[in-house]
Asker: 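Input: one structure, supplied below.
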Amino acid sequence: MCDCAIMEKIKVEKLECRYPALFKVMWLSTVVWIVVGVVNYFGHWLLPDKLDGFGMSVLSLFTISIFICFGKSIMKIVIQHGILAIDTITKKVASYAFLVSFAVMLIISILEICGTTDSHTDFTRNGGSLSITYEAVTSIVRNMIKAAIISIAVVVFYWYVRMCFFLFSGRIRRLGIEISIAIVLLAVLKVYINDGIWINAIIVLIASAFLYDIWCIADFQETHFSMSQLKGLIAEED
């Protein structure tokens, strides 16, 4: 399989939605929550914490419904074009991710087990003996598992960037960009909590753009009858 740099771009404007009713219900629920949230920001009729908690539940269900409705179509594209092929660049990304994450987690394990110099000196001074304890082993295993998860996440993120920014074009690429911006914004807000009006405006704009694009990309595969076809069906019944 050739490297992603020379792979032909895949233009995707439509994805088959397997369960249109589920998608429409969750899409509409998300829109209603956003509208109520915007109105409540200026009116303060509802408790913000309660509204945010309800919204997080709606967003979680909407995310699950997106995977259910579009997962098969996306996997079909991925498998058909060999996007997840393990090429040279992917191998390098995976190798460096494993090496760095395991090294960092090993250092963290050493710090957790050994502690500070003062505590170590006090421990040996009081007649303590150095030995491998159950807690030490579990700490190492736990951190190694974390390192493996981080490494896998890095590889998945690499595949995501490669698909959305280099291999795909069309509306699906815009969705990928919007999701990336939303993730970065949420990460920043988690560290630097900000409830300014301009931050909320950016969040609403990103959410609105995503909802618009996800609706446009959905191919509901519904049969549309013209008036002549409908009259013909009625005539056949008579």
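Atoms considered below: every heavy atom in the structure, side chains included; atoms not considered: hydrogens, waters and symmetry mates. Quick note: residue numbers are just sequence positions, from 1.
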Asker: Any idea which heavy atoms bring S151 and F98 closest together, and the distance?
Answerer: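 S151 and F98 have their closest heavy atoms at OG-CA, 3.4 Å.
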
Asker: Hey, quick one: are I183 and L59 part of the same hydrophobic cluster, counting side-chain heavy atoms closer than 4.5 Å, chains of contacts allowed?
Answerer: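 Linked within one cluster.
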
Asker: Taking the side chain as C-beta and beyond, is there a heavy-atom pair between R18 and K72 under 4.5 Å?
Answerer: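 When only atoms from C-beta onward are counted, K72 and R18 do touch, with a gap below 4.5 Å.
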
Asker: What is the distance from atom CG of L15 to atom CD1 of I77, rounded to the nearest 0.5 Å?
Answerer: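 These two atoms lie 5.0 Å from each other.
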
Asker: Is there a side chain to side chain contact (heavy atoms under 4.5 Å, CB included) between Y19 and S65 once you walk through the steps?
Answerer: CA-CA 9 Å; Y19 305 99; S65 69; over 6 Å; no

Asker: Show me the donor-acceptor pairs within less than 3.5 Å that the side chains of residues 47-55 make with the rest of the protein, sequence neighbours left out.
Answerer:
none

Asker: Nearest 0.5 Å, what's the CD1-OG1 distance between I214 and T30?
Answerer: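 One gets 10.5 Å once the value is rounded to the nearest 0.5 Å.
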
Asker: What is the minimum heavy-atom distance between I206 and A182, and which atoms define it?
Answerer: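 Heavy atoms of I206 and A182 come nearest at CG2-CB, 4.2 Å.
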
Asker: Would a distance-only check, ignoring hydrogens and angles, find a side-chain to backbone donor-acceptor pair under 3.5 Å from Y160 to G176?
Answerer: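 Yes; judged by distance alone, with no hydrogens or angles, the pair exists.
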
Asker: Less than 4.5 Å apart, any side-chain heavy atom of V25 and any of S29?
Answerer: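 V25 reaches S29 side chain to side chain.
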
Asker: Is any side-chain heavy atom of I108 closer than 4.5 Å to one of M105?
Answerer: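 They are in side-chain contact.
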
Asker: Kindly work out whether a path of hydrophobic side-chain contacts (I/L/V/M/F/W/Y, heavy atoms less than 4.5 Å apart) joins L205 to I179.
Answerer: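 No, because L205 and I179 fall into different hydrophobic clusters, even though each may have its own neighbours under 4.5 Å.
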
Asker: Flag yes if Y212 and M26 sit in one hydrophobic cluster, no otherwise; membership is Ile, Leu, Val, Met, Phe, Trp, Tyr, and two members link when side-chain heavy atoms are under 4.5 Å apart.
Answerer: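 Result: no, two separate clusters.
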
Asker: Are the side chains of V39 and W45 in contact, using a 4.5 Å heavy-atom criterion?
Answerer: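 Of all side-chain heavy-atom pairs linking V39 with W45, at least one is under 4.5 Å.
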
Asker: Show your reasoning for whether side chain to side chain contact (heavy atoms under 4.5 Å, CB included) applies to I34 and L211.
Answerer: CA-CA 11 Å; I34 292 175; L211 289 170; 3.6 Å; yes

Asker: Under 6.0 Å between the ring centres of F210 and W27?
Answerer: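 Ring centres of W27 and F210 not closer than 6.0 Å.
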
Asker: Are V38 and V35 connected in the hydrophobic side-chain network, where two residues link if heavy atoms are under 4.5 Å apart?
Answerer: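 Yes, one cluster joins them.
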
Asker: Establish whether L99 and Y158 are linked, either directly or via other cluster members, by ILVMFWY side-chain heavy-atom contacts under 4.5 Å.
Answerer: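 No; tracing contacts between hydrophobic side chains, which count when under 4.5 Å, never links both residues.
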
Asker: Apply the test side chain to side chain contact (heavy atoms under 4.5 Å, CB included) to residues M144 and K146: give CA-CA distance (whole Å), side-chain angles for both, the deciding distance (0.1 Å), then the verdict.
Answerer: CA-CA 5 Å; M144 292 303 100; K146 289 180 182 178; over 6 Å; no

Asker: For R171 and D213, work out which heavy atoms get closest and say how close.
Answerer: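 Distance-wise, the nearest heavy atoms are NH1-OD1, 2.8 Å.
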
Asker: State the CG-SG distance between L22 and C69, to the nearest 0.5 angstrom.
Answerer: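 Output value for this atom pair is 4.5 Å.
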
Asker: Look at atom OH of Y96 and say whether more than 12 heavy atoms of other residues, nucleotides or ligands are closer to it than 6.0 Å.
Answerer: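 Atom OH in Y96 is not crowded, with 12 or fewer foreign heavy atoms closer than 6.0 Å.
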
Asker: Quick one: does NZ or CZ of K24 land under 6.0 Å from the six-membered ring centre of F220, within 45 degrees of the ring axis?
Answerer: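 Geometry flag: set, cation within 6.0 Å and 45°.
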
Asker: Do I197 and F42 make a side-chain contact, defined as non-hydrogen atoms from C-beta onward lying under 4.5 Å apart?
Answerer: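 They are in side-chain contact.
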
Asker: Less than 4.5 Å apart, side chain to side chain, heavy atoms only: is that true for N143 and L106?
Answerer: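 Not in contact.
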
Asker: Which atom names give the shortest non-hydrogen contact between A147 and S101, and what distance separates them?
Answerer: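 Scanning both residues completely, I find the closest heavy atoms to be O-OG, 3.3 Å.
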
Asker: Any chance you could measure L175, atom CG, to C216, atom SG, to the nearest 0.5 Å?
Answerer: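 Answer for the CG-SG pair, L175 versus C216, is 9.5 Å.
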
Asker: Atom CD1 in I172, atom NZ in K14: separation rounded to 0.5 Å?
Answerer: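 So the gap between those two atoms works out to 12.5 Å.
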
Asker: Roughly how far apart are F70 CZ and I217 CD1, rounded to 0.5 Å?
Answerer: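 So the CZ of F70 and the CD1 of I217 are separated by 7.0 Å.
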
Asker: One pair to check against ring pair (Phe, Tyr, Trp, His ring centres under 6.0 Å): W33 and F62. What are the steps and the verdict?
Answerer: CA-CA 12 Å; W33 169 64; F62 186 39; over 10 Å; no

